[in-house]
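Structure first, then comments.
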Amino acid sequence: MTSAAAVIALAGCTVNGPDPAPPAPELESLNLPQRPKDIAVAGKQDADVCTWMSAEQLTSLQVGAGEPLPKDGSNYNGCGYLGDTGAARFAIGVRIIPEAIDMFLQKINSSPGTRQTYELNGFGAVQSQINGGESLGCDAFVDVAEGQTVWVNMQLQTPNAMNADQMCEKAQTAAHSAVSTLQARS
């Protein structure tokens with residue numbers, strides 16, 4: 001309720017008719033580059049997603065072999081990896097989002113100032129951290145095809161063992177690994 005509406009309510013005034021519908025959120029302009037080609041990922045199963053990183057890429061990321069992500073009815077298909085740097089335990093999830101990147105990002109509660117766009121192998125990508133959870137991880141979203149997004153989530157499991165730059169670098173590196181593999185296969 002706005003302060004003007006609060007004053008009206010306190011004054012005992014009434015307004016006839018239903019409340020007006022809230023304005024539709026405007027899609028922010030991401031200004032992402034045009035994709036070099038579409039890489040169709042919609043419909044891929046968890047086992048497929050778990051092959052998107054090579055043994056060398058897993059070693060570089062300091063993560064073990066991937067395992068299908070548990071399903072609770074609302075999860076997206078994907079693969080999860082557990083990692084350990086010695087000082088930090090973390091998890092990386094790679095998921096398939098069957099939505100356009102701009103539409104999906106409207107659902108993400110990004111922390112102010114953490115959303116950044118960049119180019120990943122010619123594809124548009126967005127890095128972001130969840131508002132209120134900045135110390136817990138970082139996300140990378142890649143626009144791989146019309147209406148299809150690859151979401152890489154890095155979650156820190158050892159409190160304060162990495163800073164935001166380190167967490168986001170892990171997310172970006174994992175996203176780069178997955179997209180590089182997908183490009184080589186298509």
Side-chain angles (χ1 to χ4, degrees), residues 30 32-33 36 39 41 44-72 74-97 99 101 104-105 107-144 148-186:
L30 296 175
L32 297 177
I39 299 177
V41 295
K44 299 285 186 189
Q45 298 303 305
D46 297 340
D48 294 326
V49 180
C50 287
T51 68
W52 292 358
M53 286 198 251
S54 69
E56 295 82 22
Q57 291 166 329
L58 296 174
T59 299
S60 174
L61 282 166
Q62 297 174 296
V63 297
E67 296 200 14
L69 291 171
K71 298 290 185 281
D72 65 6
S74 62
N75 291 42
Y76 298 103
N77 285 354
C79 187
Y81 305 85
L82 292 177
D84 195 332
T85 65
R89 291 186 52 82
F90 60 94
I92 292 178
V94 179
R95 294 177 178 85
I96 299 168
I97 309 302
E99 291 184 53
I101 191 170
F104 186 69
L105 286 172
K107 300 175 185 179
I108 303 298
N109 183 15
S110 294
S111 177
T114 66
R115 190 174 282 186
Q116 299 174 21
T117 59
Y118 63 100
E119 188 174 316
L120 191 155
N121 291 5
F123 293 88
V126 177
Q127 167 188 299
S128 179
Q129 290 181 279
I130 300 298
N131 194 17
E134 297 87 352
S135 66
L136 303 175
C138 190
D139 299 298
F141 306 90
V142 185
D143 178 36
V144 293
Q148 300 174 48
T149 304
V150 171
W151 173 20
V152 176
N153 172 258
M154 187 283 182
Q155 294 179 328
L156 188 60
Q157 296 177 340
T158 306
N160 304 314
M162 290 183 187
N163 63 33
D165 290 340
Q166 292 167 321
M167 292 184 293
C168 290
E169 182 180 337
K170 282 272 189 211
Q172 286 184 10
T173 300
H176 183 268
S177 297
V179 170
S180 294
T181 299
L182 288 168
Q183 282 182 297
R185 291 181 182 174
S186 64

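We use all heavy atoms of the structure for the numbers below, so side chains are in, but hydrogens, waters and symmetry mates are not.
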Measuring from L120:CG to Q183:CD, what's the distance to the nearest 0.5 Å?
8.0 Å
Side chains of T85 and Q62: donor-acceptor distance under 3.5 Å anywhere?
no
Is the number of heavy atoms from other residues, nucleotides or ligands under 6.0 Å of N160 CG greater than 12?
no
So with a 6.0 Å cut-off around CD of E67, is the heavy-atom count from everything else above 12?
no
I need the I97 CD1 to D143 CG distance, nearest 0.5 Å.
13.0 Å
Under the side chain to side chain contact (heavy atoms under 4.5 Å, CB included) criterion, do F141 and V150 qualify, and how do the steps go?
CA-CA 6 Å; F141 306 90; V150 171; over 6 Å; no
Hey, what do you get for CZ (R115) to CD (Q127), rounding to the nearest 0.5 Å?
11.5 Å
When you check the side-chain N and O atoms of T158 and R89, is any donor under 3.5 Å from an acceptor?
no
Closest non-hydrogen atom pair between N163 and D165, with its separation
OD1-N, 3.0 Å
Taking the inter-plane angle between the rings of Y76 and F104 on a 0 to 90° scale, is it parallel (under 30°), tilted (30 to 60°) or perpendicular (over 60°)?
perpendicular
Contact between I96 and Q148 at the side-chain level, heavy atoms closer than 4.5 Å - yes or no?
no
NE2-CD distance between H176 and E169, expressed to the nearest 0.5 angstrom
12.5 Å
Give me the atom names and distance for the closest heavy-atom approach of I39 to S186.
CG1-OG, 4.1 Å
E99 vs K107, side chain to side chain contact (heavy atoms under 4.5 Å, CB included): CA-CA, chis, key distance, verdict:
CA-CA 11 Å; E99 291 184 53; K107 300 175 185 179; 2.6 Å; yes
Min side-chain heavy-atom separation V41-V49 under 4.5 Å
no
With a 3.5 Å cut-off and no angle check, do the side chains of R95 and T149 form a donor-acceptor pair?
no
Spacing of OG belonging to S128 relative to CD belonging to Q116, to within rounding of 0.5 Å
9.5 Å
Heavy-atom closest pair, residues V94 and L69:
O-CD1, 4.3 Å
Just by distance, do the side chain of E56 and the backbone of S54 share a donor-acceptor pair under 3.5 Å?
no
Side chain to side chain, M162 and M154, heavy atoms closer than 4.5 Å
yes
Is the closest side-chain heavy-atom distance between P36 and F123 below 4.5 Å?
yes
Any side-chain heavy-atom pair of P112 and N131 under 4.5 Å
yes
So do P68 and C50 actually touch side chain to side chain, heavy atoms under 4.5 Å?
yes
Under 4.5 Å between any side-chain heavy atoms of R185 and T181, yes or no?
yes
Can you give me the closest heavy-atom contact between S180 and Q57, atom names plus distance?
CB-NE2, 4.4 Å
Return the minimal non-hydrogen interatomic distance between F90 and A88, and the atom names on each side.
CD2-O, 3.8 Å
Pairwise side-chain contact, L32 with I101, heavy-atom cut-off 4.5 Å (strictly under)
yes
About how many Å separate CD of Q172 and OG of S177, when rounded to the nearest 0.5 Å?
11.5 Å
Looking only at atom types and distance, does a side-chain atom of D46 sit under 3.5 Å from a main-chain N or O of G78, one as donor and one as acceptor?
yes
Between K170 and I92 the two heavy atoms that sit nearest each other are O-CD1, 4.4 Å
Worked verdict on V152 versus D139 for side chain to side chain contact (heavy atoms under 4.5 Å, CB included)
CA-CA 6 Å; V152 176; D139 299 298; over 6 Å; no
When you measure from the side chain of T114 to the backbone N and O of Q129, does any donor-acceptor pair fall under 3.5 Å?
yes
Does the pair L156 and L136 meet the rule for a side chain to side chain contact (heavy atoms under 4.5 Å, CB included), with working shown?
CA-CA 5 Å; L156 188 60; L136 303 175; 5.6 Å; no
